[in-house]
Amino acid sequence: MKKINIYTDGACSGNPGKGGWGAILVYKNNEKEISGGSNDTTNNRMELTAVIEALKLLKEPCEVTLTTDSKYVCDAVTKGWVYSWKSNGWKKSDKKPALNIDLWEKLLTLLEIHNVTFNWVKGHNGHPYNERCDKLAVNYYLKM
C-alpha cells in the first residue's frame, strides 16, 4: 500500500456561518492542496468535509496518516464513538441524535477502503501543515 500523509482543517465565520476547509496530501515529495466551502455550515462539518474530500482523491487503498486539529473528528473515530452512534441508530450515549450523519456515513465508507491512522495536533500552534490548511480554509470562505 502507498503511504500518504494527509493534513486537514476546517474553519467557520460564525457557527453556523460561511465556512471553508483545506487539505494537503503528501506522497513522497509531491504535495497537493485542495479546498472548498459552504455558505451555511458549521466548523465540525468543514472539519469532516476536509477529511472526506482528501480521502476521496486516493485512487487505490492506501495507508494514511491523517493529521487534524479536530478533536471532534479524531475522538469520534479513535475512541469509537461514531461506530456506537451508528449501531445505536445514530443516537449518542445521552440518547440525543448524532449530528452530521450524512458526512459520518461517507467517512465510514472511506475508512473501510483505507487504513487510516488519526493524529491530533493543537490548532494555531505553529504546525506548518496545520497552519497551511487553516489558511486554505479561511481563504476559501473569504472569497465566497
Side-chain angles (χ1 to χ4, degrees), residues 1-87 90 92-94 96-144:
M1 274 191 188
K2 291 180 179 172
K3 294 184 180 190
I4 311 287
N5 288 308
I6 295 177
Y7 304 88
T8 65
D9 198 17
C12 217
S13 179
N15 202 18
K18 276 187 176 183
W21 58 267
I24 303 169
L25 294 85
V26 181
Y27 176 65
K28 296 185 178 177
N29 293 323
N30 301 307
E31 294 184 0
K32 180 173 184 68
E33 293 183 352
I34 59 172
S35 60
S38 178
N39 279 315
D40 185 28
T41 190
T42 64
N43 189 66
N44 284 341
R45 286 191 70 80
M46 293 294 90
E47 296 281 5
L48 271 166
T49 300
V51 173
I52 292 164
E53 293 302 320
L55 290 172
K56 280 173 41 179
L57 287 180
L58 303 177
K59 294 178 170 55
E60 62 190 74
C62 293
E63 188 173 316
V64 177
T65 300
L66 192 135
T67 302
T68 178
D69 65 5
S70 173
K71 280 287 210 182
Y72 175 66
V73 172
C74 229
D75 287 353
V77 176
T78 62
K79 294 183 178 183
W81 302 340
V82 68
Y83 301 102
S84 294
W85 300 339
K86 183 178 179 182
S87 68
W90 292 107
K92 299 186 296 182
S93 60
D94 62 5
K96 292 181 181 173
L99 301 176
N100 305 310
I101 297 166
D102 58 329
L103 297 177
W104 285 118
E105 287 178 332
K106 289 177 185 176
L107 180 57
L108 290 176
T109 299
L110 291 162
L111 294 178
E112 290 176 10
I113 298 167
H114 306 288
N115 180 11
V116 181
T117 301
F118 285 81
N119 179 36
W120 179 81
V121 295
K122 184 176 170 103
H124 310 286
N125 203 38
H127 186 286
Y129 281 108
N130 182 255
E131 297 292 340
R132 281 175 57 193
C133 288
D134 181 65
K135 280 189 174 70
L136 288 169
V138 171
N139 287 341
Y140 194 91
Y141 76 71
L142 288 176
K143 293 176 190 171
M144 292 176 21

* Heavy atoms of other groups near K32 NZ, more than 12 under 6.0 Å -> no
* Residues forming a side-chain contact (heavy atoms from CB on, under 4.5 Å) with S35, sequence neighbours excluded -> L136, Y140
* Return the minimal non-hydrogen interatomic distance between N43 and A11, and the atom names on each side. => OD1-CA, 3.4 Å
* Do any N or O atoms from the side chain of E33 and from the backbone of L25 form a donor-acceptor pair under 3.5 angstrom? -> no
* Asked: Does a salt bridge link R45 with D40, judged by any charged N lying under 4.0 Å from a carboxylate O?
  -> no
Listed pairs under 3.5 Å, donor-acceptor, residues 108-116 side chains, sequence neighbours left out:
from	atom 1	to	atom 2	distance (Å)
T109	OG1	E105	O	3.1
H114	ND1	C62	N	3.1

* Asked: So which heavy atom on N15 is nearest to which on T41, and how close?
  -> OD1-O, 4.4 Å
* W120 six-ring centre to K71 NZ/CZ under 6.0 Å and within 45° of normal -> yes
* Asked: Do the numbers put K3 on top of the ring of Y27, so that NZ or CZ is under 6.0 Å from the six-membered ring centre and no more than 45° off the axis?
  -> no
* Asked: Between W85 (side chain) and A98 (backbone), is there a donor-acceptor pair under 3.5 Å?
  -> no
* Taking all non-hydrogen atoms of both residues, which atom of Y141 and which atom of K18 are closest, and how far apart? -> O-CD, 3.9 Å
* Are the charged groups of E31 and R132 less than 4.0 angstrom apart, N to O? -> yes
* Of T67, T78, T68, the residue whose pairing with N119 passes side chain to side chain donor-acceptor pair (under 3.5 Å) -> T67
* **Contact summary for V77 and Y83, nearest pair of heavy atoms** => O-CE1, 3.9 Å
* Would you confirm whether D134, through its side chain, and N130, through its main-chain N or O, come within 3.5 Å as a donor-acceptor pair? => no
* Do the two ring centres, one from W104 and one from Y72, sit under 6.0 Å apart? -> yes
* Step through the shown structure and confirm whether more than 12 heavy atoms of other residues, nucleotides or ligands are within 6.0 Å of CG on N29. => no
* Asked: Is it true that E60 and K2 have a side-chain N and a carboxylate O under 4.0 angstrom from each other?
  -> yes
* **A50 versus A23, closest heavy-atom pair with distance** => O-CB, 4.1 Å
